[in-house]
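Throughout, residue positions are numbered sequentially from 1 according to the sequence presented. Being a predicted model, the structure only gives us computed values, none of them experimental.
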Amino acid sequence: MSESDKHIIKEHEPDYEKAEMDLLRDGLKRSYKERFLFLNQLIKIQRTMQRAKITHKPYPKS
């Protein structure tokens, strides 16, 4: 290891596979009622986004 490499900070790499497995385990621990309520929430958000009308207003020049 050279002198310049000693001062380089090594950042922690995220473990996506572990995070995904944790989310799956948490999802399996939910009751059927919790899953149903979460699904309803997602459906409501989807409907809102489908009905949303995006408009563009030009930024005023100064």
Side-chain angles (χ1 to χ4, degrees):
M1 186 181 293
S2 68
E3 185 66 31
S4 63
D5 289 341
K6 290 180 182 179
H7 301 292
I8 296 175
I9 297 174
K10 302 227 178 192
E11 294 198 20
H12 182 71
E13 293 185 20
D15 187 7
Y16 294 113
E17 189 172 329
K18 182 185 178 310
E20 184 178 357
M21 290 304 294
D22 290 344
L23 287 172
L24 286 172
R25 284 189 191 100
D26 289 343
L28 289 173
K29 291 178 186 175
R30 290 188 183 112
S31 68
Y32 286 114
K33 182 179 179 181
E34 289 174 321
R35 293 179 194 185
F36 177 75
L37 293 174
F38 190 74
L39 175 64
N40 280 343
Q41 185 179 8
L42 290 175
I43 291 172
K44 287 178 185 179
I45 292 170
Q46 181 186 18
R47 284 187 191 162
T48 303
M49 296 303 286
Q50 283 178 343
R51 293 178 184 167
K53 187 173 186 178
I54 300 172
T55 58
H56 177 264
K57 188 174 185 180
Y59 191 75
K61 295 180 181 179
S62 49

Scan the side chains in residues 53-60 for donor-acceptor partners under 3.5 Å anywhere in the protein, sequence neighbours excluded, and list what turns up.
none

Please tabulate, for side-chain N and O atoms in residues 44-52, each donor-acceptor pair with protein atoms closer than 3.5 Å (sequence neighbours left out).
residue : atom : partner : partner atom : Å
T48     : OG1  : K44     : O            : 2.9

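Cluster partners of F38, using a side-chain heavy-atom cutoff of under 4.5 Å among ILVMFWY residues and allowing indirect links, are L42. Applying the 4.5 Å side-chain rule to ILVMFWY residues, one finds I43 in the same cluster as L39.
For the salt bridge (Lys or Arg N to Asp or Glu O under 4.0 Å) condition, the pairs that include at least one residue of residues 24-36, sequence neighbours left out, are D22-R25.
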